[in-house]
*Asks:* 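Sharing a structure with you now.
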Protein chains: 2
Amino acid sequence: MPRIRHERFDCSPGCTVEGTLRYIDGKWKGVVLYHLFEGTLRFNEIRRRIPNCTQRMLTNQLRELEADGLIARKIYAEVPPKVEYSLTPRGRSLEPVITALKIWGDANVTLAPEVSQAAA
Amino acid sequence: MPRIRHERFDCSPGCTVEGTLRYIDGKWKGVVLYHLFEGTLRFNEIRRRIPNCTQRMLTNQLRELEADGLIARKIYAEVPPKVEYSLTPRGRSLEPVITALKIWGDANVTLAPEVSQAAA
DNA sequence: CATGACGGTATCCTTTTCGACACTATGTGC
DNA sequence: GCACATAGTGTCGAAAAGGATACCGTCATG
C-alpha cells in the first residue's frame with residue numbers, strides 16, 4: 001500500500017508548502033492531474049497520454065491521488081471493465097498550484113532530449 | 001553526489017510541471033527556500049529553523065539548490081567558518097510557486113500531530 | 001480455440017532517499 | 001589540555017520509490 005505520508009508536519013512555518021508537495025509529488029502525479037484538468041478520463045486513456053509510466057505505477061499514483069481525495073474513481077459494472085477518473089473539487093482546487101508550477105517550468109525548465117547524449 | 005535528476009522530460013505536455021517539481025522536491029527544499037525568502041541566512045541559522053533536518057541532509061539540500069542555481073553560497077574566510085546562503089534571482093522567481101503551494105497547503109493540509117494516533 | 005482489450009495485481013529487483021553517527025579543521029575560552 | 005562552536009564530510013544501513021515482468025478474469029472477435 002502506498003502509505004499516506006502526510007501524517008505530521010511539525011517542522012516549522014512553511015511546512016504547509018511541504019505538505020502540498022507531498023500531495024503532488026510522486027513522479028507522475030503532476031502529469032496525471034494535469035491531464036485530468038482537461039476532463040474525465042478512463043484508465044487507458046491516461047496510460048496512453050503518459051507512455052513512460054508503467055501500468056503499475058499509474059495504478060499506484062491514481063490510488064494515492066484517490067486516497068488523498070484529489071480524484072474520484074467511478075467504476076462501471078460493464079463487461080469490458082470501465083473505470084473513469086475525474087478530479088474532485090479538492091483536486092480541482094489544485095489548479096492554480098499546477099498552473100504556477102507550469103508557468104515557472106515553461107520559463108525555467110529545459111526540456112532537452114539531446115542533453116542525455118553527453119555521456120556517449 | 002546528489003545527482004541532477006532533471007535530465008529529460010519527454011513524457012508529455014505538462015511535464016514542465018514535473019520539471020519544476022524536481023527542483024523544489026526533496027523533503028526540505030521547500031522549507032529551505034521558504035526561509036530564505038525572508039533573507040540571507042547562515043548555515044546554522046537555517047538548521048535551527050528546521051530542527052528535524054539533519055546536518056547532512058541540510059548540506060545536501062543546499063548543495064542541490066546551489067547546483068540548480070536557486071541559491072547562492074558565500075563563504076567568508078573567517079576562522080569560525082561563516083557561510084551565508086541567499087536566493088539567486090532564479091530562486092527568487094520561485095516565490096509565486098512557493099506561495100501557491102503555501103496557499104493551498106494552508107487551506108488543505110492538516111498539520112495534525114494527533115491524527116497519527118488513529119491506529120492506537 | 002487463441003487472441004486481444006480492459007483494468008488491474010503480485011512478485012521481484014534496483015535505485016534513490018533518508019537518517020544516525022562519527023569524524024574533520026581551526027580558533028577561542030577555561 | 002579540554003570542550004565548544006562553525007560548517008561541513010564520510011560511511012553505513014534501512015526504507016521507500018520506482019521499474020520490469022508476469023499474471024488474473026471476462027467478454028467479444030476471428
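Reckoned from all heavy atoms, side chains included, excluding hydrogens, waters and symmetry mates. All chains are named by letter (A, B, ...) in the order of the sequence lines, taking the proteins before the strands, and each is independently numbered beginning at 1.
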*Asks:* Could you give the CG-to-C1' distance, from B/L41 to D/dT6, as a whole number of Å?
*Replies:* 15 Å

*Asks:* Quick one: does A/T20's side chain have a donor or acceptor within less than 3.5 Å of a partner on B/G105's backbone?
*Replies:*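 Here the side-chain-to-backbone pair exists.
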
*Asks:* Let me see the working for A/I46 and A/L62 under side chain to side chain contact (heavy atoms under 4.5 Å, CB included), right down to the final yes or no.
*Replies:* CA-CA 10 Å; A/I46 303 177; A/L62 289 169; 4.2 Å; yes

*Asks:* Could you tell me whether the phosphate oxygens of C/dT16, OP1 or OP2, come under 4.0 Å of any side-chain nitrogen or oxygen in A/K27?
*Replies:*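 For C/dT16, OP1/OP2 do not have a side-chain N/O of A/K27 under 4.0 Å.
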
*Asks:* How many Å lie between CE on B/M57 and C1' on D/dA14, as a whole number?
*Replies:* 14 Å

*Asks:* For A/Y85 and A/F43, take the angle between the two ring planes, folded into 0 to 90°, and tell me which bin it lands in: parallel under 30, tilted 30 to 60, perpendicular over 60.
*Replies:* tilted

*Asks:* Please find the pair of heavy atoms, one from A/R90 and one from B/N108, that lie closest to each other, and give the distance.
*Replies:*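 Taking every non-hydrogen atom into account, NH2-O, 3.3 Å.
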
*Asks:* Just the atom pairs and distances: protein N or O near nucleotides 8-15 of chain C's N or O, under 3.5 Å.
*Replies:*
unit_1, atom_1, unit_2, atom_2, d
C/dG8, OP1, A/R63, NH2, 3.2
C/dG8, OP1, A/R73, NE, 3.4
C/dG8, OP1, A/R73, NH2, 2.4
C/dG8, OP2, A/Y85, OH, 2.8
C/dG8, O3', A/R63, NH2, 3.3
C/dG8, N7, A/Q55, OE1, 2.9
C/dG8, N7, A/Q55, NE2, 2.4
C/dG8, O6, A/Q55, OE1, 3.2
C/dT9, OP1, A/R63, NH2, 3.1
C/dT11, O4, A/R56, NE, 3.1

*Asks:* On a heavy-atom basis, which atom in B/S86 and which in B/T40 lie closest, and how many Å separate them?
*Replies:*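 Answer, listing the atom of B/S86 first, then B/T40: CB-OG1, 3.4 Å.
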
*Asks:* Counting N and O atoms only, with roles assigned by atom type, does the side chain of A/E84 sit under 3.5 Å from a partner on the main chain of A/I75, one being a donor and the other an acceptor?
*Replies:* no

*Asks:* Please report the distance, rounded to the nearest Å, between CH2 in B/W28 and C1' in C/dC18.
*Replies:* 10 Å

*Asks:* According to a strict under-4.0 Å criterion, is B/R42 in side-chain N/O contact with OP1 or OP2 of D/dT6?
*Replies:*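 For B/R42, the contact criterion (side-chain N or O under 4.0 Å from OP1 or OP2 of D/dT6) is not met.
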
*Asks:* Can you build the contact string for nucleotides 25-30 of chain D? Use B for base contact, S for sugar-phosphate-only contact, and - for no protein heavy atom under 4.0 Å.
*Replies:* B-S---

*Asks:* Once you round it to whole Å, what is the distance between C1' of D/dA5 and NZ of B/K82?
*Replies:* 15 Å

*Asks:* To the nearest angstrom, how far is B/L21 atom CG from D/dA17 atom P?
*Replies:*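 Rounding to the nearest Å, CG of B/L21 and P of D/dA17 are 15 Å apart.
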
*Asks:* For B/E45, give me all partners under side chain to side chain contact (heavy atoms under 4.5 Å, CB included), at least two apart in sequence or on another chain.
*Replies:*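 Side chain to side chain contact (heavy atoms under 4.5 Å, CB included) check on B/E45 returns B/L41, B/R42, B/R48, B/R49.
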
*Asks:* B/N60 has an atom CG; how far is it from atom P of D/dT11, in whole Å?
*Replies:*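 It works out to 14 Å between those atoms.
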
*Asks:* What's the CZ-P distance between B/R47 and D/dG8, to the nearest Å?
*Replies:*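 One finds 11 Å between P of D/dG8 and CZ of B/R47, rounded.
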
*Asks:* D/dT6 P sits how many Å from B/L58 CG, rounded?
*Replies:* 13 Å

*Asks:* Are A/R22 and B/D25 ion-paired here, with the side-chain N under 4.0 Å from a carboxylate O?
*Replies:* yes

*Asks:* Answer yes or no: is there an ion pair linking B/K102 with B/D106, defined by an N-O contact shorter than 4.0 Å?
*Replies:*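 A salt bridge links B/K102 with B/D106.
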
